[in-house]
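Below is one structure, written out as C-alpha cells; the observations come after it.
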Amino acid sequence: MLKRRNLESQFNIWSISSFIIIMFVLIPNANILLNIFEPANENWNHIKEYLLQDYIINSTILVIFTGIFSILIGLIPAWLITQYEFPFRNFFKWALILPLAIPPYIGAYTYNGLLNYTGVIQTSLRNYLGINVNPTYFDIMNIKGAIFIYTIFLFPYVFIITRSFLAKQSASLVEASRTLGRSSFETFRYVVLPISRTAIVAGTSLVVLEVLNDYGVVKYFGITTFSTAIFKTWFGMGDLNSAVRLSALLMVFVSGFLLIEKFSRGAKRFSYSTTKIRPLSRIKLSGVKAFLVSTFCSLIFAIGFLIPTLQLLHWSWLSYAKILNIDFFIFSFNSIFVALFASILIIIISIIVANTVRISDSIFSKIYSKVAILGYSIPGAVIAVGILLFFLGLDRLIYSGRLVLTSTILMLIFAYIIRFLAIGYNSVESGFDKVGKSFFEASRTLGVGITKTFFKVDLPMIKPAVISGFLLVLIEVLKELPLTLILRPFNFDTLATKAFEYASDEMIHEAAISSIIIILICGLAIYGIHKLSARKGSKNVN
C-alpha cells in the first residue's frame with residue numbers, strides 16, 4: 001500500500017509540474033487576447049485606415065510565393081537524393097540542410113553586399129569585363145528579393161521532412177508505377193506527390209511560420225509587414241495598445257493559414273495495407289544525367305550556403321582587427337550562455353511534459369501536448385508583447401509597479417522557452433514513440449517508481465532524441481532576433497542583435513564576424529544532428 005502511494009505521488013508530481021508549465025505557456029498569449037478589448041486610440045484608427053491593408057497584402061505575398069518556391073527547391077532535390085545514386089550524393093544529403101545555419105537576415109545583408117553597385121559582382125563586371133549594367137537589375141531590397149532570401153535559406157525545412165518521408169516509403173509503389181509503363185516524371189507526379197503531401201505541407205508550414213516571425217529581412221529591406229508594424233508601433237510610437245491589436249491580428253492570420261491548410265486536406269489519407277515496407281532501391285545515374293543532377297544540387301548548395309559564407313569570411317578578414325575586442329567577447333559569451341541555458345531548460349521541460357503525456361491517457365494530457373507546441377506557431381513579436389504584459393503584471397503585483405522582473409534576463413529566457421518548446425517537445429516525443437511503453441510498463445510491474453524508471457530505463461533509450469532536440473533548440477535560439485531585440489535587458493547584446501545592428505547601420509563588414517560564429521555553431525549542430533540520424537538509421541537497418 002505504501003509503495004502504491006509512493007508511485008501515485010510521483011505521478012502527481014510529474015502531472016502538477018506539467019500543469020504549471022502549460023499555464024505559464026498559455027498566460028502570456030492569453031494576455032494579448034484580453035488586452036484587445038481595451039478601447040482603441042487614435043494611432044489604431046490611423047493604422048486601420050491607412051496602413052493595415054499594406055501589412056496584410058505584403059505578408060500574404062511573402063507567405064504565398066515563399067511557400068511555393070520552397071516546395072519547388074526543397075522537393076526536387078529530396079526526390080533526386082532518395083531515388084537516384086549520383087556523384088556526391090552522400091554529401092548533398094546533409095549539405096543541403098546547411099542553409100538553415102544562416103539566419104535569413106544575415107543572408108539578406110550578405111546578398112545585398114554581393115549584388116549592390118560596389119559589390120563584387122557589379123565591380124567585376126565593370127573592371128574585368130567592361131560591362132556596365134543597370135544597378136536596378138541587381139537590386140534585391142524589395143519584396144521580390146525578400147522572397148528569394150526566405151526561399152533559399154528556409155527551403156531545407158521542406159527538404160528535410162520530405163526526404164525523410166520518401167526514404168521510408170515502400171518501393172512497391174514506385175515499382176508498380178514503373179511496371180505499368182509510367183516514366184520517372186509521371187511516377188513523381190502521380191505517385192510520389194500525392195503520398196508526400198502531408199510531409200510537403202508540414203515543411204511548408206514551418207517555412208511560412210518562419211516568414212511571419214521574421215523581422216530582420218523585412219526591416220532591412222524596408223518592407224512593411226505585421227512584424228515591422230508591431231516594432232514600429234511599440235518602439236516608434238510608444239503605443240503598446242496598438243501593438244497588442246496588431247499582435248492579435250497576426251495570431252488570427254497565422255491561425256487562418258493553419259486552418260485553411262487543415263481543411264484543404266479533406267479526407268485524403270494514404271496508408272499501407274501491409275507491414276512489409278522496404279525503402280526505395282536507388283537507380284544509378286551516369287554520364288550527362290549524373291552531371292546535371294550533381295550540378296543542380298551544387299547550384300542550390302552554392303547559393304544557399306557556400307557563396308554567402310565565403311563572402312562573410314572575406315569581410316571578416318577585412319574587419320577582424322577592428323571588431324575583436326573585449327566587447328565582442330562579452331556579447332559572444334552572452335549569446336552562447338543564453339542559448340545553452342535556454343536549450344537545457346527547454347529540453348528538461350519537454351521531457352517533463354512529454355513523459356506526463358505518455359503515461360497518462362486523460363484528456364488533459366492531450367491538451368498539454370497541443371499547448372506545448374503552440375508557441376512555435378506564434379511569431380516572436382507577438383510572444384514578446386504577451387510576455388511583456390505578463391511580466392509588467394507580475395511587477396505590479398509583487399513589487400508595486402517597480403520594473404524588477406521586467407528588466408532582467410529572466411524575461412528573455414522565459415520567451416525562448418515559450419517560443420521553442422515545440423521543437424524540444426516534438427523531438428523528445430518522437431523518441432518516446434520509438435521506444436514505446438513496454439519497457440516502462442515492465443519496470444512499473446516490478447515496483448519501480450516513475451522517476452527512477454525514467455532515469456534508469458527511458459532516458460538511456462531516448463538519449464539520441466534528447467541530444468537532437470537540444471541541438472535544434474540551440475540553433476533556433478542562437479538565430480532568434482525579434483524576441484531578443486524586444487526583451488533583452490539594457491546593454492545586453494548577442495551575436496544576432498549585434499550583427500543586425502551593424503548591418504542596419506550599413507557596417508556590413510563589421511557584422512561579418514558575429515554572423516560567421518552563428519553560422520559555424522549552427523553548422524556544427526546540424527552536422528551533429530545528421531550523424532545522430534545516420535547512426536539511428538544504421539541501427540534500424542541492422
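All values below were derived from every heavy atom in this structure, side-chain atoms included, with hydrogens, water molecules and symmetry-related copies excluded. From a predicted model like this one, the values you see are computed outputs, not experimental measurements.
Annotation for Y502 and A511: closest pair CB-CB, 3.6 Å, computed over non-hydrogen atoms. Closest approach of P489 to I409, counting heavy atoms only: CG-N, 3.6 Å. The two residues P77 and F296 have their closest heavy-atom pair at CD-CE2, 4.0 Å. Across every non-hydrogen atom of I223 and A146, the tightest pair is CD1-CB, 3.6 Å. In plain terms, the two heavy atoms of T309 and I516 that are nearest each other are O-CD1, 3.9 Å. For I383 against A415, the heavy-atom pair with the smallest separation is CG2-O, 4.4 Å.
Scored by the ring-ring contact (aromatic ring centres under 6.0 Å, His included) test, H46 finds Y50 as partners (sequence neighbours excluded). With sequence neighbours excluded, the residues satisfying ring-ring contact (aromatic ring centres under 6.0 Å, His included) with F500 are Y215. Applying the side chain to side chain contact (heavy atoms under 4.5 Å, CB included) test to I517 and every residue at least two apart in sequence or in another chain returns F328, S332, L495, I513, I521. The ring-ring contact (aromatic ring centres under 6.0 Å, His included) test applied to F492 returns no partner, not counting sequence neighbours. Residues satisfying the ring-ring contact (aromatic ring centres under 6.0 Å, His included) criterion with W44, sequence neighbours excluded, are absent altogether. Under the side chain to side chain contact (heavy atoms under 4.5 Å, CB included) criterion, L206 pairs with Y157, I161, Y376, sequence neighbours left out.
Shown are T110, L312, I102, L520; of these, the side chain to side chain contact (heavy atoms under 4.5 Å, CB included) with S515 is made only by L312. The only member of T204, V211, V208, I152 that meets side chain to side chain contact (heavy atoms under 4.5 Å, CB included) when paired with T66 is V211.
With a 4.5 Å cut-off on side-chain heavy atoms, Y416 and V338 count as touching. Looking at F470 and I346, their side chains never come closer than 4.5 Å, going by heavy atoms from C-beta outward. Between N213 and E480 the shortest side-chain heavy-atom distance falls below 4.5 Å. Two residues are said to be in side-chain contact when any heavy atoms from C-beta on lie closer than 4.5 Å; K498 and T494 fail this criterion. The shortest side-chain heavy-atom distance between I387 and L487 falls under the 4.5 Å cut-off. The closest side-chain heavy-atom distance from N142 to D139 is below 4.5 Å. With contacts defined as side-chain heavy-atom distances shorter than 4.5 Å, the pair E210/E476 qualifies. Side-chain atoms of Y220 and Y109, non-hydrogen and from C-beta on, do get closer than 4.5 Å to each other.
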Exercise for review: Show your reasoning for whether side chain to side chain contact (heavy atoms under 4.5 Å, CB included) applies to I149 and F221.
Suggested key: CA-CA 11 Å; I149 293 296; F221 282 2; 4.1 Å; yes

**Study point:** Full working for side chain to side chain contact (heavy atoms under 4.5 Å, CB included) between I47 and S242
**Key:** CA-CA 9 Å; I47 290 170; S242 296; 4.2 Å; yes

Practice item. Would you check, one step at a time, whether the test side chain to side chain contact (heavy atoms under 4.5 Å, CB included) holds for I300 with F155? Key: CA-CA 10 Å; I300 295 175; F155 83 88; 3.3 Å; yes

Point to revise | Residues F414, F390; criterion ring pair (Phe, Tyr, Trp, His ring centres under 6.0 Å); working and verdict | key: CA-CA 11 Å; F414 188 59; F390 175 63; 5.7 Å; yes

**Study point:** Step-by-step side chain to side chain contact (heavy atoms under 4.5 Å, CB included) determination, I56 to F226
**Key:** CA-CA 7 Å; I56 295 172; F226 276 108; 3.8 Å; yes

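There is a side-chain donor-acceptor pair under 3.5 Å between Y150 and D214. Residues N58 and T224 bring a donor and an acceptor atom of their side chains to less than 3.5 Å of each other.
Interatomic distance, I303 CD1 to T151 OG1, rounded to the nearest 0.5 Å: 11.5 Å. For the atom pair CD1 of I307 and CD1 of I121, the computed distance is 7.5 Å after rounding to the nearest 0.5 Å. Atom CD1 in I200 sits 11.5 Å away from atom OG in S205 (nearest 0.5 Å). Between I81 atom CD1 and I76 atom CD1 the span is 12.0 Å, to the nearest 0.5 Å. Interatomic distance, CZ of F305 versus CG of L98, reported as 4.5 Å (0.5 Å rounding). For the atom pair CG (L51) and OH (Y55), the distance works out to 4.0 Å, reported to the nearest 0.5 Å.
With salt bridges taken as basic N to acidic carboxylate O contacts below 4.0 Å, one links R488 and E501.
A side-chain donor-acceptor contact under 3.5 Å links N426 to the backbone of A422. In terms of modelled atom types and a separation under 3.5 Å, the side chain of S427 and the main chain of I423 share no donor-acceptor contact. Judged purely by atom type and a 3.5 angstrom limit, K479 uses its side chain to pair as donor or acceptor with the backbone of L100. T228 contributes a side-chain N or O that, together with a main-chain N or O of T225, makes up a donor-acceptor pair within less than 3.5 Å. Of the possible polar contacts, none joining the S514 side chain to the A499 backbone as a donor-acceptor pair under 3.5 Å is found. Checking side-chain atoms of Q311 against main-chain N and O of L114 turns up no donor-acceptor pair under 3.5 Å.
Under a cutoff of 6.0 Å and an axis angle of 45°, R396 and F391 do not form a cation-pi pair.
Other residues, nucleotides and ligands place no more than 12 heavy atoms under 6.0 Å from the NZ atom of K219.
A distance below 6.0 Å separates the ring centres of F148 and Y111.
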